[in-house]
Amino acid sequence: MSTSYPNRPARGGRLPALAAVTALLVGLAIVFAFFVAPEDADQGISQRIFYFHVPIALTAYACFGWAAFKALLLLWRKEERYDLESYVAVHQGTIFGALTLATGSIWAKASWGHWWLWSENQLVLFLVLFLFYSAYFMLRFSIEEGPRRANISAVYALFGVVLVPVSFLAIRLAENVIHPTVFTRDGPQMTGTMFLAFCVAWVAITLLAYTLYRVELAGKRLDANLRELREALTT
Amino acid sequence: MSSGEKYVAAAYGVVFLVVLAYVVIIAAKLARLERETAELAELARARSAPSTSNG
């Protein structure tokens, strides 16, 4: 594996269109969450946090899964581009993980009267998942750039993804459930309009994460190509 | 504004601020890359100038 990105263009041609569609969808998701979906009879207006909180959490899981997939490809095919893709996916997952914790904490305060409950396994497990992936950056940047760093980062990203189903199932398996379980074996426990608003928000947040992933990836590839060009011009 | 409305505004505000901060960071990085590209173009022009004048 080389440490540069030879002949790999920083693809960003379709990014403005993608960003425009994302902005439109996020706007639509806000309209659905506030003006289309009815107010929850039990929680009132604070339930509207659900329309962004849950899609953000699902997107964080998806980012960590994507990072693990790219890490697997790196270990299998030994192509360095997968290292960058895995790293950017972990970065996105960590951002969305932080947003999950922040929005969840605000919703918890509004609904339960507490910012955080250490007795709730599902909350603590998500925090563990978040801290695990936060430590990824400490590990990655403590190793010199090159194949060794790429391989160790990939193995770490692969190990971390095991925590995703544990965190996801904890919400369903926890005995003392305060955290609501909206999606059960009987389907979504909400009205059709609420579910539609949730689906629109889910698509919008997933597309937002994908757009940010592509923007960051394009920037990092451009950075690497420029570094290579500088080395070529100055030697 | 009720307390429920304040919490909803805070939750959506946090998401908005984080995305905004991300966009600002990316914009700053893009500006740096633009500067570097201009420097490299200048360097390439300087390197090719003597060979052009000789040829």
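To find a chain, count down the sequence lines: A is the first, B the second, and so on, and within it residues start at 1. Note that this is a predicted model, so its numbers are computed, not measured.
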Minimum heavy-atom distance between B/Val15 and A/Leu99, given as atom pair plus value: CA-CD2, 3.8 Å

Nearest heavy atoms of A/Ile45 and B/Gly4, plus distance in Å: CG2-C, 3.6 Å

By a 4.5 Å heavy-atom criterion (distance strictly below it), what part of [X] contacts chain B: side chain, backbone, both, or neither?
| X | value |
| --- | --- |
| A/Phe96 | neither |
| A/Leu233 | both |
| A/Ala33 | side chain |
| A/Ala110 | both |
| A/Ile56 | side chain |

Side chain to side chain contact (heavy atoms under 4.5 Å, CB included) partners of A/Leu139, counting only residues at least two apart: A/Ile143, A/Ile152, A/Tyr156

Side chain to side chain contact (heavy atoms under 4.5 Å, CB included) partners of A/Leu24, counting only residues at least two apart: none

Identify every side-chain donor-acceptor pair in residues 125-132 of chain A under 3.5 Å, counting partners at least two apart or on other chains, and give the distances.
none

Distance (rounded to the nearest 0.5 Å) between B/Leu33 CG and A/Leu222 CG: 5.0 Å

Kindly provide each donor-acceptor pair between chain B and chain A shorter than 3.5 Å, listing atom names and distance.
residue : atom : partner  : partner atom : Å
B/Tyr12 : OH   : A/Arg48  : O            : 2.6
B/Tyr22 : OH   : A/Gln92  : NE2          : 2.7
B/Tyr22 : OH   : A/Leu212 : O            : 3.3
B/Tyr22 : OH   : A/Glu216 : OE1          : 2.5
B/Arg32 : NH2  : A/Asp223 : OD2          : 3.3
B/Glu39 : OE1  : A/Arg230 : NH2          : 3.1
B/Arg47 : NH1  : A/Leu233 : O            : 2.2

Crowding at CZ, A/Phe141 (>12 non-hydrogen neighbours, <6.0 Å): yes

Chain A contact via B/Val19 - which portion, at a heavy-atom distance below 4.5 Å: side chain

